[in-house]
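By convention in this document, chain letters (A, B, ...) are assigned in the order of the sequence lines, proteins followed by strands, and residues within each chain are numbered from 1.
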Amino acid sequence: MSLEQFKNRNVGTQNYVKLDLAHTPTTGWGQFKQVVGRTFKPELFVGLWVTFREMGNALVGGKMHTTQYPFEKLPISPRYRAIHDMLRLMESGNYRCIGCGLCEKICISNCISMETKYDENQRKEVSEYTINFGRCIFCGYCAEVCPELAIVHGPRYETASEQRASFSLFEDMLTPIDKLNLQQEYDGFGAISPNADENIKPTPLAY
Amino acid sequence: MSEVQTVENMVSITIDGKEYKAKEGEYILNAARANDIFIPAICYLTRCSPTLACRICLVEANGKQVYSCNTKVKEGMEVTVNTPNILAERRAMMEVYDVNHPLQCGVCDQSGECELQNYTLELQVDSQSYSIPDTKRETSDWSSVLHYDAGLCIVCERCTTVCKDMIGDAAIKTTKRGGASLDKAWKDEMPKDAYAMWNKLQKSVIAPSNGTGSTDCSDCGECIAVCPVGALVSRDFVYTSNAWDLRKIPAVSAHSSDGFQIYYEVKPISIDNRDEKIYRVTNEWNYVSLDGSARFGYDYENRGVTKDKKAFDLAIEAFKKAKTIRFNSMITNEEAMMLQTLKEKMGIKLYNPEVRAFQKFLTLYADASGHSLYTSSMEDSMKSDFIVSVGGALRNDSPGLKYAFNNVQKMNKGAGLYFHPVGDTLIPSFGKSVSTFTHKVGLEEATLYLVLALFSDQDKLDSSVKDYITELGGKEGLIDLVGGDSKKFIKGFDKMMKKKERFTLMVGEDYYYHDRADNLAKLIALIEQTAGFNVVMNPPKSNALGVAIICDLDDNAEGYTVGYNEIGDFRLSALGDGDLDIPAFNQQEGTVTNLSKRVVPTNVALDYGGYELNDLMKELIDDAPEETIDWTKRLPTDRGYRAVEFDSLDNYYDNAGNEHRGYLLNVLFEERDTPKVEKFYDDTLLDGDIVYRCNPPRQFNDFSAKAHQIFEPFGLYVSSSKAESLGKKVEVVFDNGTIVVDVIEDKKMEGDIMALSDFKSAENVYGLFDGSRYASVTIKEV
Ligand code: SF4
Ligand code: SF4
Ligand code: SF4
Ligand code: SF4
Ligand code: FES
């Protein structure tokens, strides 16, 4: 159906297709016949067959459709905002966070806190970092503001625990160094837009 | 409480078509600022000479392009801040500053208050047209406090300028960068001034001026304060906090008597410990320059104190049976007023020997001169063009007056005479027109007679005085007597005096403890009367002036003594080692009377959980108010204070640089006869080994000693030559005791007099000297 047709309110001029339906029974006898006819149609057994077939498939054929939570988890959209991850640089394995404090500043729940210091390599070192998840509202501002794509929202949506603090430290959020190869690049909230290159004006270099 | 702006000497100028008033002789930039008009400017520092490093302050004046920071206003001048050409220049300049500037705003300490960031945004620089290969520029630590990141430096020269024109150490200078030189092709392609600026910028970095890797300076940290970018930061602060995370508390510096404007910048200690601590001290560096004790001596708070009821009750008992309260000058006006009230209501003696000596001297001076208080201030002396400093080791005792002495040489084409028994190599370097006299201890009166001979209107001098001067050999005789070379000096003196109009006499602490303070005070009054000098005195430490004015101090202590940050039978202490804890200076609100006779408010930087003096007052007297600051309006109006609420006191500088901090003490004047000065005797001259009671720069008291960034140790400071003749450690034998101290070389000292620190009250150095500042001693090797 074209838009033109759709807008045309003059029903009489439209090419409607008429369905060839039987008339609704009007007598008591007619209604009784309709009920009996519908009840004992063989389609009932078609349906039953499908159910039994799938039961067989699931139980003995290994084609179960239910997710076995919590042993199994569904993949989640990258734009979902769950407990934060702290990413590492793929090449060196160093953490990406440079300690700029922007996440701390932007956080509207004021729940990020960090300590930094001057390290022996003349760099700013993040000595402590914590998010108070009792206060975090998972707004995603921290991930959006982070210039290094260091703090991102991970897929870990289960936030029930005895101690909220138990997953709020830097080490808890940081990609474990032995799982570095499993670290996913983040394309959720605050990630670089696919057309970022087009928006950048190159700076002249004298090398 | 604004000071009245004098209307005379004002000219009219128009800026962007609007008419404004400006002080005659003012730079366009300052005139604009005073009228709240914004002209971009990076390298200019108020109170220092324009260096023309940045050139961004370009404006058009009467149709010609000029630098607003070094062009003076003229009557009828028409100024345009932005023209198309100037906008193009400025934009190019900011692009140039951004060339090769490391993209590390994310970690930089200055981010958020960086002038490079600000101006780049202000001038809307969104692309870069210029490039040049970068040079490796190393980061280095210049001293125990200075950290320089050459990569971030934009060579605005503010640090070198402030160090030279204000601080006087001239410890840093621009030096060769050794980078690629600018392609001449740029010259035609880019705006003219931007090219010239870039050309200079590309050639330099900053380095210690003595050619070594370290500055060996007074570690005042003022260069850190003025640096517009993150190139200069204190070693302690680097990478510990973003500027925006720190809360600024307006306050007053605690240790020297300068009472500088400062901000304590605080934030929680750590993630675990949410108590706050002071991360750094900053200041309004265009209008006030700090010394090292003010900038770095901040972490002396009395931490972790709770209300100890038992100790409090004992304290009440102690006060009830006390005959004397012993205290020092680390105390606010309000607390001084409380102690004075205790004296009045309970008859307790107030013992503070150091301030007592100063108080006596003030009285002697007031009697002789008719001025209830000295006439000048630090700010006023900065406006003079001839400064004579007597009786003080300027570099150690009085950073503010040292800055004024130096600044006058640099900015007002000034001249200066410095009289002191301890030779100092830094003072002569302040300017070509500075003469220093290293005189014998005991010849203080002779120096003042020389000042009379040199500067007084001879008609105004009594014939007896003139005769006495002649008897002493006139100018020449006196010059030679106080350690000068009369032939050389007289020749240069006329030149020194050329076009000089405003004279200031700086009087230091030595005089207050002098045997003949009486005659010295009269001589000072006579100089003031006959030579047109204004006088400024250096109160010994902290709030000595406030204590001297508010309290009726006694000459000696007797009976049961309560010590307030001092020794006593019962000790109240903010150092955490007393019988009852009290808040330290950075945990108190109240007012301080500073060297410039200004009553300035200070605020609480850090929490304090214990009792304070006013809690004791509430138990001890009937009409004690609720809060400490309720005492502010009770300060004695008959002694120059005003009955005003603490909360009504202003605390800022306006854009014209006028100080709106608290209020100025009222100074009264009654006409007096010319003071009758006496002759002096040279039989009081000290000989043999002489020690001088004097602290190293940055150290003033137990509190500065507690601060973790003040490193100057307690000891015997001696000149390099003297150090050779002494061992590492010596025993100094006084008439009434001895002390064993380390010998420390001070390269800026000259001569044989040794300076013994007295900032640790436990060592009781003050007692060893028995109220004097010099003593003849025997030095024994250990
Ligand atoms: S998600 Fe929002 S509330 Fe949570 S830490 Fe980030 S900025 Fe703060
Ligand atoms: S914004 Fe990113 S880089 Fe900056 S401190 Fe936060 S996590 Fe680290
Ligand atoms: S260190 Fe700072 S103040 Fe000094 S020249 Fe460089 S940018 Fe300017
Ligand atoms: S700390 Fe003070 S004296 Fe030292 S270089 Fe900096 S400004 Fe000069
Ligand atoms: S402010 Fe005038 S040249 Fe820099």
Might you confirm whether atom [atom1] of [X] has over 12 heavy atoms from other residues, nucleotides or ligands at distances under 6.0 Å?
X      : atom1 : result
A:Q184 : CD    : no
B:K192 : NZ    : no
A:F52  : CZ    : no
B:L87  : CG    : yes
B:R303 : CZ    : yes
B:Q124 : CD    : no
B:D607 : CG    : no
A:R38  : CZ    : no

Under 4.5 Å from any heavy atom of chain B, what part of [X] do you find: side chain, backbone, both or neither?
X      : result
A:K201 : side chain
A:P204 : both
A:E148 : neither
A:I98  : both

Of all the residues in residues 98-117 of chain B, which have a heavy atom that comes within less than 4.5 Å of a heavy atom in chain A?
->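 Under the 4.5 Å heavy-atom cut-off, B:N100, B:G106, B:V107 qualify.
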
So which bits of residues 132-144 of chain B come within less than 4.5 Å of chain A, counting non-hydrogen atoms only?
->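 From residues 132-144 of chain B, the residues near chain A are B:I132, B:P133, B:D134, B:T139.
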
Under 3.5 Å, side-chain donor or acceptor atoms of residues 263-271 of chain B against the rest of the protein: list the pairs with distances, not counting sequence neighbours.
from: B:Y263; atom 1: OH; to: B:E284; atom 2: OE2; distance (Å): 2.6
from: B:Y264; atom 1: OH; to: B:Y300; atom 2: OH; distance (Å): 3.4
from: B:E265; atom 1: OE1; to: B:R280; atom 2: NE; distance (Å): 2.9
from: B:E265; atom 1: OE1; to: B:R280; atom 2: NH2; distance (Å): 3.1
from: B:E265; atom 1: OE2; to: B:T282; atom 2: OG1; distance (Å): 2.7
from: B:K267; atom 1: NZ; to: B:S241; atom 2: OG; distance (Å): 3.2
from: B:S270; atom 1: OG; to: B:D272; atom 2: N; distance (Å): 3.3
from: B:S270; atom 1: OG; to: B:N273; atom 2: N; distance (Å): 3.0

State which residues pass side-chain hydrogen bond (donor to acceptor under 3.5 Å, both in side chains) with B:S129; sequence neighbours excluded, sorted by chain then number.
->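 Partners of B:S129 under the side-chain hydrogen bond (donor to acceptor under 3.5 Å, both in side chains) test: B:E95.
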
Which region of B:Y130, side chain (C-beta onward) or backbone (N, CA, C, O), has a non-hydrogen atom less than 4.5 Å from a non-hydrogen atom of chain A, or is it both or neither?
->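 Just its backbone gets close to chain A.
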
Could you check whether the rings of A:Y118 and B:Y239 sit parallel, tilted or perpendicular, using 30° and 60° as the cut-offs?
->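 Rings of A:Y118 and B:Y239: tilted, as their planes differ by 30° to 60°.
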
Supply the atom-to-atom distance A:K105 NZ to B:N242 CG, rounded to the nearest 0.5 angstrom.
->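 Atom-to-atom, A:K105:NZ and B:N242:CG are 9.5 Å apart.
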
